[in-house]
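In what follows, chains are A, B, ... by sequence order, proteins preceding strands, each numbered from 1.
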2 protein chains.
Amino acid sequence: MPETYRAEIRQLDLFADMEDSNFETLMRGTYVQTFPPRIDLITEGDPSDFLHIVLSGSVDLFACWNGRETSMATVRPVSTFILAATIREAPNLMSARTLEKSRIALLPSEDVRAVFDTDGAFARAIVRELAQCYRTVVKNTKDLKLRTSLERLANYLIRHSARAASSEFELNMEKRRLAAFLGMTPENLSRAFKGLEPYGVKVSGSNISISDPDDLARFAKPDLLIDDYST
Amino acid sequence: MPETYRAEIRQLDLFADMEDSNFETLMRGTYVQTFPPRIDLITEGDPSDFLHIVLSGSVDLFACWNGRETSMATVRPVSTFILAATIREAPNLMSARTLEKSRIALLPSEDVRAVFDTDGAFARAIVRELAQCYRTVVKNTKDLKLRTSLERLANYLIRHSARAASSEFELNMEKRRLAAFLGMTPENLSRAFKGLEPYGVKVSGSNISISDPDDLARFAKPDLLIDDYST
DNA sequence: GATTTCGATTGATATTTGTCAAGCACCTGT
DNA sequence: ACAGGTGCTTGACAAATATCAATCGAAATC
């Protein structure tokens, strides 16, 4: 079914309001590919040849320097990545690899830029998307600079508990990646989980349960301007 | 001379390509005000009523949580801030205060959004601006997560030495703010300067001189994908 | 079913960073 | 010149975090 993904992409905020003909132009050069787990899709520093859209599976955005590596974000369906690099015709700042088997749509960056130059609705949608991304990174920076690793973990757990709408949930990534995402070592994450036990956090493998959410929240002090990813 | 600022603003990338009539619409509600040093312009969490443009002076963007405070960025002429919040009609994530006597233009956010909805050229300019901002924050996050405070300071000095095109230059902000910007305490910054002495960094008040830039660079390992603010 | 592999954990230790308190240096206004 | 304020620096100490090595345990492989 080579056409099924079109509707999927068309429904994305980014593409929903644009001209039909421009959407067709974009889709003409687009191809969809399924990648196995742990495949490198992009290496930081490479030119941004394609705008990527995750249709299924998940992708890790990470960055390296001087032999160190850190995880910057996880991209889940259905959303795009390296939009900013595509627009600015600049090298990618982050690398990307699949976490699991994933279907990815690839839109030639040239086409994206060309349509962007003529389709105002598309430009406006990109603005909204980029503004969202920007605000997410700013929140992340505040999290990193204003909180200790224990506080970051506590707030991470609260956010995910809220998203799961349950005081019990599964971590959706390896602990080593969670550690990198939160800006600490895996060893430190282990100890941080221990450190949250007094606040009612129980860990068993990737299963987390929070026995007293209010108690945990009193410690974590979640803040809309850091932890609310919806605005 | 109440009209001089118009030309200044019109020349900004953000406003250069838009329709004359739309620019007029924006300017109609715009006013320019001069603020003394250390005046709070915006408090995080407040609605984003105005897009701000720094015409002269400089503005500190900072953020607080749980009694802690950190500096996120310095805005210098001529550029805008809180563009993302304005577009998304969302609360500001950062607070802003003048560092010195500053002239600031204030554009009602409603007008900005209205023009944005009809003027494709304006929307495209906003995209480029936001993509730039986004990439800057991503670089910042990499700096924070991948480097120690000593490495961050070393790379900061190299960037500013390059900008000044000289191995001797003046810090353009208080050391306490530099410390907050680099994600450390003022005490730690003092020690970090000491720690860079073996690499030829000499500090005298706000005057910095780097006696052996290559030696410092060998330690700092500057990286285009973190330290190059032009792409 | 045994083996291997790899991530997670733990303990011991080192490094980095922050905190507190005191002193210093420089500016400013009187 | 002086006093007061403010930011910077320093030292002693404490807390946070990283590193290294060893072990554990569950899942994958043979």
Side-chain angles (χ1 to χ4, degrees), chain A residues 36-38 60 62 65-71 97 99-101 143-157 170-198 201-208 219-220, chain B residues 36-38 60 62 65-71 97 99-101 143-157 170-198 201-208 219-220:
Chain A
R38 294 171 188 272
D60 181 31
F62 64 101
W65 178 78
N66 195 26
R68 299 167 209 165
E69 178 179 323
T70 192
S71 175
R97 72 165 74 95
L99 288 166
E100 50 193 312
K101 189 178 163 190
D143 192 44
L144 276 171
K145 290 180 82 171
L146 292 168
R147 289 171 170 165
T148 67
S149 61
L150 201 61
E151 291 164 343
R152 290 199 296 277
L153 176 60
N155 280 293
Y156 178 90
L157 295 179
E170 299 286 322
L171 293 177
N172 50 19
M173 61 173 116
E174 282 182 309
K175 285 181 183 167
R176 50 164 43 205
R177 279 199 59 243
L178 176 58
F181 177 70
L182 293 175
M184 56 178 121
T185 59
E187 294 97 324
N188 210 359
L189 178 62
S190 265
R191 290 171 185 126
F193 273 123
K194 282 251 156 63
L196 291 180
E197 261 176 28
V201 174
K202 287 191 179 51
V203 183
S204 161
S206 69
N207 181 279
I208 308 290
F219 168 74
Chain B
R38 294 172 188 273
D60 183 29
F62 63 102
W65 178 79
N66 194 27
R68 299 166 209 167
E69 177 179 325
T70 192
S71 175
R97 73 165 75 93
L99 288 166
E100 50 195 310
K101 189 178 165 191
D143 193 43
L144 275 171
K145 290 181 83 171
L146 293 168
R147 289 171 170 164
T148 66
S149 62
L150 200 61
E151 291 164 342
R152 290 199 294 278
L153 175 60
N155 280 293
Y156 178 90
L157 295 179
E170 299 287 322
L171 292 178
N172 50 20
M173 60 174 117
E174 281 183 311
K175 284 182 184 168
R176 50 163 43 205
R177 279 199 60 244
L178 176 57
F181 176 70
L182 294 175
M184 58 178 120
T185 58
E187 294 96 325
N188 210 358
L189 178 63
S190 264
R191 290 170 186 126
F193 273 122
K194 281 252 156 61
L196 290 180
E197 260 178 29
V201 174
K202 286 191 180 51
V203 183
S204 159
S206 69
N207 181 280
I208 309 289
F219 168 73

- Distance-only, no hydrogens or angles: does the A:Ser204 side chain make a donor-acceptor pair with backbone N or O of A:Asn207 under 3.5 Å? no

- Short side-chain to backbone donor-acceptor contact, B:Asn155 and B:Ala220, under 3.5 Å: yes

- Is there a side-chain contact (heavy atoms from CB on, under 4.5 Å) between B:Leu189 and B:Leu153 once you walk through the steps? CA-CA 8 Å; B:Leu189 178 63; B:Leu153 175 60; 3.9 Å; yes

- For B:Arg68, all residues meeting salt bridge (charged side-chain N to carboxylate O under 4.0 Å, His left out), sequence neighbours excluded: A:Glu151

- Item | Integer-rounded Å distance: D:dG25 C1' and A:Arg176 CZ | 16 Å

- Rounded to whole Å, CG of B:Asn188 lies from P of D:dA16 at a distance of 15 Å

- Backbone N/O of B:Ser206 and side chain of B:Lys175: donor-acceptor pair under 3.5 Å: no

- Rounded interatomic separation in angstrom, taking CG from A:Leu144 and P from C:dT17: 14 Å

- Message: Closer than 3.5 angstrom, by distance alone: can the side chain of B:Arg152 be matched with the main-chain N or O of B:Arg147 as a donor-acceptor pair?
- Response: yes

- Look at the side chain of B:Arg191 against the base of C:dT19 and say whether a donor-acceptor pair falls under 3.5 Å; ignore hydrogens and angles. yes

- Item | Which nucleotide in C:dG18, C:dT9, D:dT9 has an atom nearest any side-chain atom of B:Lys175 | D:dT9

- Query: Whole-Å distance between C:dA12 P and A:Glu187 CD?
  - Reply: 15 Å

- Would a distance-only check, ignoring hydrogens and angles, find a side-chain to backbone donor-acceptor pair under 3.5 Å from A:Thr70 to A:Ala180? yes

- Which nucleotides of nucleotides 23-30 of chain C have their base under 4.0 Å from a protein heavy atom (B), which only their sugar-phosphate (S), and which neither (-), written as one string 5' to 3'? --------

- Nearest whole angstrom, please: distance from the P of D:dT9 to the CD of B:Glu197. 11 Å

- Distance below 4.0 Å between B:Ser149 side-chain N/O and C:dT17 OP1 or OP2: yes

- Euclidean distance, atom CZ of residue A:Arg68 to atom P of C:dT16 [Å, nearest integer]: 10 Å

- Would you check if the side chain of B:Lys145 reaches a backbone N or O of A:Phe181 as a donor-acceptor pair within less than 3.5 Å? yes

- Message: Can you identify which nucleotide, out of D:dT19, C:dG7, D:dT9, has its nearest atom closest to the A:Glu174 side chain?
- Response: C:dG7

- Find the distance B:Leu189:CG to D:dT10:P and express it as a whole number of Å. 12 Å

- Message: Are the side chains of A:Ile208 and A:Phe193 in contact, using a 4.5 Å heavy-atom criterion?
- Response: yes

- Round to the nearest Å and state the distance from B:Lys145 atom NZ to D:dT17 atom C1'. 15 Å

- Hey, can you pull the residues of residues 177-186 of chain B with a non-hydrogen atom under 4.0 angstrom from DNA chain D? none

